[in-house]
Trainee: 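Pasting a structure here, questions to come.
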Amino acid sequence: MKKNILIGLVIATLFTIQTAFAQHAFQKYYPPTDTLVQKKLEWWQGIKFGLLMHWGTYSQWGIVESWSLCPEDEVWCERRGEFSKNYFEYKRAYEGLIKTFNPVNFDPSKWAKAAKEAGMRYVVFTTKHHDGFCMFDTKQTEYKITSSICPFSTNPKSNIAKEVFNAFRNEGFGIGAYFSKPDWHYPDYWDPYFPPFDRNPNYDLNKYPEKWNRYKQFTANQIKELMSDYGKVDILWLDGGWVQPMTESSPRWGRVPNHQDIDMPKIVAMSRKLQPGLIVVDRAVEGSNQNYLTPEQELPDTLLPYPWETCMTIANSWSYVPNDTYKPARQLIHLLCKIVSRGGNFLLNIGSDPNGDFDPIAYDRLKEIGKWMTLNGNAIYSTKPIFPYQAGKVVLTAKGKSVFAIYLIDENETELPSLIKIDRFSVKKIKRVTIIGSNTSLKVKVLEKGIGIEIPEKHRKIGIDSYALVFKLDI
Ligand code: GLC
């Protein structure tokens, strides 16, 4: 009996992971035909490492972003705290957070500098999450950071998204606008007359087509504002994949999924008129408006043969949660190397606290990654994957006449092996092998199944803050 339950649980878990992942990573890819988009994608594939930020009024409660408003029986929708027992009281209190949001420490140039030092080269910022609170000065709703009932509205930096984009652009970053298609505040998505029953609209779209039309217009207007008034934008990162036309094969989310067509082709055409070459990521919506795919919190097993990006949290939550557990620098660096070796980009998420700053641990992590990237960035930026991508503890990248073999060092490893084997790897000729950061040439052995790099005794000792060692093979 117990065993059956266990097997059931394992299957259920596998199934959930599989479906969550499948929606983001293993859909069919439709390459763009617009040459400007192709060019921008190529640029984007070269910069490899970006910062995702989730920030909103919810950070004041230190809870998961938006999801506690969603009346689905899922762990991530759980309500906590004094208002949790009554849904409607809870929603009122959550939305009331606008009246106390006052992030006086907000200084996006500090974030941009720290991210740049870490080697990041693009940013994706939540202009609006599912809760509908706008971190930009939209004209379409008063539920926004610049509303007169929000204390931060009098601050000269109150148009937060604009300030973030400007600060990062000043540091040479590519700019990405995260925008949630669903909006749980707007009355034409969740009509206050009806109780919401899941993440989807709470009314029948066929019965109230004029409502849905208003919603479409509202969404298009907001996106138009972001594409018009916020300088050059490189990526429109659209979340809330359940807002999509329902077809035979489209995934089902929530209890009452429905045909949520918002005329995406029209929105994309309008956006590209304003931002030529714009990369659009209509996440989890199979088709030509998903210029790259976005596995979430996942490292694909091997190379994915299309542009893709893993988005992942630096701690456990997308939003700021006090005392969250941050991933160690070693793990983050290894993830970056593995993702890049499989042909992807790494979009690492940090949530800001309610006052407008990161946890000090986040800055430590960025510094540590930066130390590694300053020395070894050449093995990351503008590289291409090369077979077999990974061989044991070695991951491979390639650029021009160089192959980089990145040896991922374990936490307690104090000494390198005398021979580092790279199984299944072969090239016609290797002219020279060096360790990045030192000029010594190393010897290479051709083995039956690949190659081996010989490590002389005096180079075997591993320092405690050494996370990954890069061998440069000139071919
Ligand atoms: C998940 C979360 C959502 C978050 C997104 C970022 O889908 O549910 O809140 O914005 O990941 O990738």
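Both ligands and their constituent atoms are indexed starting at 1 by order of listing.
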Trainee: Short list, please: which atoms of ligand 1 are under 4.0 Å from a heavy atom of E65?
Mentor: 2 (C), 3 (C), 4 (C), 9 (O)
Trainee: Thinking salt bridges, do R330 and E411 make one under a 4.0 Å N-O criterion?
Mentor: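 Salt bridge: no.
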Trainee: H54 heavy atoms, cut-off 4.0 Å: which ligand 1 atoms fall inside?
Mentor: 4 (C), 6 (C), 10 (O)
Trainee: What atoms of ligand 1 come closer than 4.0 angstrom to any heavy atom of Y178?
Mentor: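 With Y178 as reference, the close atoms of ligand 1 come out as 10 (O).
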Trainee: With a cut-off of 4.0 Å, which atoms of ligand 1 are near a heavy atom of H129?
Mentor: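 Under 4.0 Å from H129, ligand 1 has these atoms: 3 (C), 4 (C), 9 (O), 10 (O).
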Trainee: Give the numbers and elements of all ligand 1 atoms closer than 4.0 Å to a heavy atom of W67.
Mentor: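 Per the distance check, 2 (C), 3 (C), 8 (O), 9 (O).
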Trainee: If the threshold is 4.0 Å, N to carboxylate O, is there a salt bridge linking D239 and K181?
Mentor: no
Trainee: Answer yes or no for W76: is there a heavy-atom contact with ligand 1 below 4.0 Å?
Mentor: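 It does not, in that no heavy atom of W76 comes within the 4.0 Å cut-off of ligand 1.
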Trainee: One residue to check: D239. Relative to ligand 1, which of side chain, backbone, both or neither has a non-hydrogen atom less than 4.0 Å away?
Mentor: side chain
Trainee: State the atoms of ligand 1, each with its element, that fall below the 4.0 Å cut-off from a heavy-atom position in R283.
Mentor: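 Contacts of ligand 1 toward R283, numbered from 1: 6 (C), 12 (O).
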Trainee: Can K128 and Q222 be said to form a side chain to side chain donor-acceptor pair (under 3.5 Å), step by step?
Mentor: CA-CA 10 Å; K128 176 176 91 168; Q222 285 204 317; 2.9 Å; yes
Trainee: Testing Y143, Y178, W237 one by one against H129 for a ring pair (Phe, Tyr, Trp, His ring centres under 6.0 Å), which residue passes?
Mentor: Y178
Trainee: Locate the shortest heavy-atom distance separating L348 from I369; write the atom from each residue and the value.
Mentor: CD2-CD1, 4.3 Å
Trainee: Looking at the rings of F125 and H54, which for Trp means the six-membered one, are their centres under 6.0 Å apart?
Mentor: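 Ring-ring flag for F125/H54: false, centres at least 6.0 Å apart.
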Trainee: Under a 4.0 angstrom heavy-atom cut-off, which atoms of ligand 1 come close to C311?
Mentor: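 Going through ligand 1 atom by atom, the ones under 4.0 Å from C311 are 12 (O).
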Trainee: Under 4.0 Å from any heavy atom of W237, which atoms of ligand 1 are there?
Mentor: 12 (O)
Trainee: Less than 4.5 Å apart, any side-chain heavy atom of H185 and any of W190?
Mentor: no
